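Nothing here was measured: the structure is a model prediction, and the numbers come from that model. In what follows, every chain begins at residue 1, and chains take the letters A, B, ... in the order their sequences are listed.
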Amino acid sequence: MKRVYLDHAATTPVHPQVLEKMLPFFKELYGNPSSIHQFGREVAIEIDKAREKVAKGINAQFPEEIFFTSGGTEADNLAIFGVAKALKDKGKHIITSVIEHHAVLDACESLEKEGFELTKVPVDCDGLIDLEFLKSAVRDDTILITIMHANNEVGTIQPIKEVVKIAKEKGVYVHTDAVQTFGNIPVDVQELGVDLLTISAHKIYGPKGVGALYVRKGTKIKGISYGGGQERKIRPGTENVPGIIGFGEAAQICVETLEKTKEMARLRDKLIDGLLKIEDVKLNGHRTNRLPGNVNVSIEYIEGEALLLSLDMEGIAASSGSACTSGSLDPSHVLLAMGLSHQTAHGSLRLTLGKDTTEEDIDYCLEVIPRIVDRLRKMSPLKKG
Amino acid sequence: MKRVYLDHAATTPVHPQVLEKMLPFFKELYGNPSSIHQFGREVAIEIDKAREKVAKGINAQFPEEIFFTSGGTEADNLAIFGVAKALKDKGKHIITSVIEHHAVLDACESLEKEGFELTKVPVDCDGLIDLEFLKSAVRDDTILITIMHANNEVGTIQPIKEVVKIAKEKGVYVHTDAVQTFGNIPVDVQELGVDLLTISAHKIYGPKGVGALYVRKGTKIKGISYGGGQERKIRPGTENVPGIIGFGEAAQICVETLEKTKEMARLRDKLIDGLLKIEDVKLNGHRTNRLPGNVNVSIEYIEGEALLLSLDMEGIAASSGSACTSGSLDPSHVLLAMGLSHQTAHGSLRLTLGKDTTEEDIDYCLEVIPRIVDRLRKMSPLKKG
Amino acid sequence: MYTEKVMDHFRNPRNVGEIENADGVGEVGNAKCGDIMKIYLKVENGIIQDIKFQTFGCGAAIATSSAVTEMAKGKTLDEALKLTNKMVAEELGGLPPAKMHCSNLAADALKRAIEDYKKKHNL
Amino acid sequence: MYTEKVMDHFRNPRNVGEIENADGVGEVGNAKCGDIMKIYLKVENGIIQDIKFQTFGCGAAIATSSAVTEMAKGKTLDEALKLTNKMVAEELGGLPPAKMHCSNLAADALKRAIEDYKKKHNL
Ligand SMILES: Cc1ncc(COP(=O)(O)O)c(C=O)c1O
Ligand SMILES: Cc1ncc(COP(=O)(O)O)c(C=O)c1O
Ligand code: FES
Ligand code: FES
């Protein structure tokens with residue numbers, strides 16, 4: 001059976017060159033980078049090289065501004081709790097948006113329970129944050145604004161530079177979750193002006209289980225876990241050495257091959273146009289200001305999980321914001337925040353392209369999906385078949 | 001040059017069979033286990049198998065009692081902060097020992113700053129905890145006792161069963177850090193009776209960057225980070241899939257090959273006996289009740305880092321509790337807690353054997369070390385050469 | 001993960017559709033997830049002669065709908081009323097724990113359809 | 001990580017040992033880490049003719065001891081007094097940040113030894 005993977009926002013395969021680079025670090029270069037002997041030192045040097053590559057990938061000024069973590073989730077948590085811990089005497093107000101990843105949103109909400117105040121900036125129907133609202137929300141005791149660079153579900157890219165402009169006037173730190181943007185659009189911490197930024201290796205053809213938090217030099221942050229002196233005590237624990245090495249390589253490659261996303265965007269547009277030809281299908285997210293690989297549509301009268309299972313039977317791997325797939329009782333908080341009804345959000349389909357997605361893959365989708373939609377709609381009590 | 005790796009307590013090389021098992025999960029089986037499509041499901045199944053293997057390795061009753069983390073450090077932090085968070089309304093007193101790994105000790109001390117009370121059980125000159133002290137320390141508001149299974153520096157194995165007996169009388173949870181024991185001596189959660197137990201893959205010939213916390217069914221614990229629904233929300237973030245797969249395999253192998261530690265213990269004893277023949281050398285840790293691979297001696301009049309560098313020049317990789325290697329200003333808190341003077345602690349040398357350590361390796365050490373000690377002592381102002 | 005039986009019912013759902021001028025119709029919504037199921041009955045001499053369903057819902061919802069219609073067909077109304085959510089789940093070889101609530105739709109919709117029939121016929 | 005020069009001094013330390021009936025002896029302890037260094041001088045016509053050291057300390061401590069003795073040998077006492085910790089570290093091609101404190105031992109011990117000589121000779 002043909003298998004078409006269109007869930008690159010969930011995770012990506014490891015690039016062959018990345019794996020190649022990692023391999024010696026399992027059986028041969030296995031030393032603990034904290035050790036002072038040769039076995040350790042030779043590894044410590046390679047970790048530093050990987051740190052430099054990641055730093056360069058996001059145009060950080062100093063490699064020491066990169067702190068490796070176990071993934072995007074941990075980096076988000078570290079940014080939020082770490083800044084809150086460092087600045088809690090300065091203020092206890094944090095601003096985020098309604099469409100953040102749960103790694104940000106739930107972390108912020110847990111601080112709220114501990115006595116912090118939280119303001120969530122709303123979004124418009126395209127998923128763009130309300131900058132005017134943000135401007136009015138900043139207070140004297142605001143210590144952090146955390147707004148994602150682009151949304152993982154609907155692909156809308158946020159105006160982070162504008163966020164930074166608003167924040168800088170009041171001397172407030174800005175963190176952005178760039179997990180979905182790095183490797184897909186330029187991510188440049190100087191250009192963006194953010195103080196903290198999250199990235200994750202497995203979204204850029206690197207290994208799962210490693211991510212990084214960029215912390216601009218001079219930014220006040222405290223570690224949130226305890227142990228050895230690794231990552232300058234901000235993130236203790238024996239380093240995931242092969243993971244970090246792979247991350248360095250993946251960061252370098254994804255920046256070097258950023259050109260490929262142009263073709264991705266062309267295929268994305270073809271897929272969007274094709275899907276919109278189906279009756280009662282609507283695009284979610286901004287039409288142009290969107291990740292080059294992201295397609296997200298709502299297909300009325302049918303439910304996401306049933307759609308995914310049907311696609312899966314035809315070899316197409318996709319994702320949905322349906323409640324039935326989320327384990328929670330409500331469909332995607334992102335789609336609801338954008339004003340979709342429960343039912344419409346329920347019937348959402350996300351197809352995310354990768355660097356190896358072909359025209360053939362897209363054509364296959366455009367052949368299969370209308371057929372499946374038709375079949376499921378015939379079963380639906382909401383729509384006369 | 002001959003290279004002899006005797007720092008297995010710091011980390012171990014990945015077993016070839018473990019790497020073999022991991023390899024398909026980078027480029028081929030790369031799905032996100034949370035995805036409901038085929039790419040995701042096939043990986044989710046393998047994660048469950050790995051969970052079963054780890055569970056079996058420590059004789060846990062249910063695979064769901066295993067929560068994968070990014071390493072031993074995170075598992076220790078999760079145990080301590082997770083239980084404290086879940087039980088803070090029941091009580092705010094925690095008991096640990098003076099010789100814990102910093103992942104435990106510093107986590108406990110940070111709780112102390114947040115208003116918890118902490119009691120640290122002292123140890124005797126062999127590094128064994130004072131059970132009588134522990135007995136008197138348990139209070140009505142004690143919620144957790146965390147005492148390591150065996151110490152990473154001096155190798156002394158603690159009487160965890162006795163700890164559990166004391167705790168159970170008062171209904172107090174027991175956590176043990178078994179990072180150094182798993183794979184080296186039997187680790188059986190039923191036999192030990194503990195409620196929580198930490199293990200780490202890279203100490204058992206598995207990959208770096210993955211560990212696990214065992215949580216006995218029914219034990220109250222809360223997650224300490226926020227994000228997706230992974231690990232039943234106790235530990236969110238996309239799973240380190242290849243790491244977890246490798247951990248499962250390593251856990252299985254290390255239990256199957258536990259016999260090999262007998263030969264390790266014989267070589268350990270040979271090394272200890274040989275080193276004790278050098279003038280003014282003393283063994284640290286318990287003579288018999290000790291990890292099969294651990295040798296730790298204090299060599300008077302010389303300093304640890306200089307010793308390590310000299311050994312390294314001869315190809316021998318070792319470790320020390322010297323202040324000069326620790327980045328902190330004091331030598332090992334473990335050695336000091338056992339009553340060593342600053343100066344004696346400063347001159348400590350740890351050699352930790354692995355499953356592939358040979359008689360030849362030990363003979364080489366016994367030839368090289370006396371020579372180096374002699375040379376360094378000639379430079380020392382403390383000892384007439 | 002779904003059992004092979006669930007997937008079979010999902011792939012080839014039995015009795016999909018609508019019965020025009022049905023003798024009884026039952027509709028339920030799942031408060032938990034917003035899914036909806038509708039069941040149509042054709043009854044003769046107290047026996048379910050024909051039964052059809054329409055479902056807006058997940059894979060488990062579709063499979064349980066399909067299964068319940070298969071189980072009910074040919075049964076007397078009273079026999080059919082005894083079908084429980086648990087029996088439907090068992091018929092399918094079980095459902096994942098997170099999906100047990102989906103099976104509630106099926107038996108409940110059937111029950112409503114039978115009640116609707118009884119009410120219309122003053123039984 | 002240590003520079004090649006540090007490792008060279010560590011591997012082949014110059015002027016190790018003790019001078020019997022030394023003209024000046026200086027000893028310092030590093031409060032930070034408990035390390036100890038001792039320097040012995042043989043002085044003729046105000047010039048350091050011979051110098052030896054003993055060190056209980058890390059690699060950096062041994063290398064800086066060795067380097068400082070090499071730098072001081074043949075110098076007049078006043079020239080030798082001008083040697084600073086920084087100069088010793090530079091001579092070694094630098095030290096890792098965490099090891100800068102180790103270099104303090106070397107110049108300090110030399111200074112003490114010279115002071116000891118001066119005191120003994122009422123200079
Ligand atoms: C926007 C965003 N933030 C954070 C994460 C979490 O990253 P990770 O899976 O590496 O923990 C993801 C992906 O799951 C994401 O899409
Ligand atoms: C006893 C003990 N606990 C915890 C750890 C930390 O484990 P990890 O390095 O996997 O974070 C170690 C090893 O460094 C250890 O020896
Ligand atoms: S019926 Fe909605 S999740 Fe199954
Ligand atoms: S002199 Fe003690 S650390 Fe260098």
Is the closest side-chain heavy-atom distance between [X] and [Y] below 4.5 Å?
X: B:T238; Y: A:H202; result: yes
X: A:I224; Y: B:N77; result: no
X: A:D106; Y: B:K233; result: yes
X: A:H37; Y: B:Y5; result: yes

Choice from [options] maximising heavy atom contacts with chain B below 4.5 Å:
options: A:G243, A:S110, A:G229, A:G228; value: A:S110
options: A:G71, A:S319, A:A10; value: A:A10
options: A:M22, A:H101, A:K208, A:E28; value: A:K208

CD of A:E74 to CD of B:E74, rounded to nearest 0.5 Å, is 5.5 Å
When rounded to the nearest 0.5 Å, the distance separating OG of A:S322 from CD1 of B:I36 is 8.0 Å
| message | Does this structure show an ion pair linking A:E42 with B:R3, if we count only N-O contacts that are shorter than 4.0 Å? | response | yes
- Side chains of B:R235 and A:S70, donor plus acceptor under 3.5 Å: yes
Provide the closest heavy-atom pair for [X] versus [Y] in the form atom of the first, atom of the second, distance.
X: B:A107; Y: A:Y226; answer: N-CB, 3.6 Å
X: B:T11; Y: A:Y30; answer: CG2-O, 3.1 Å
X: A:F39; Y: B:A317; answer: CD1-CB, 3.5 Å

Ranked by heavy-atom pairs below 4.5 Å to chain A, first place among B:P207, B:G72, B:A318 goes to B:A318
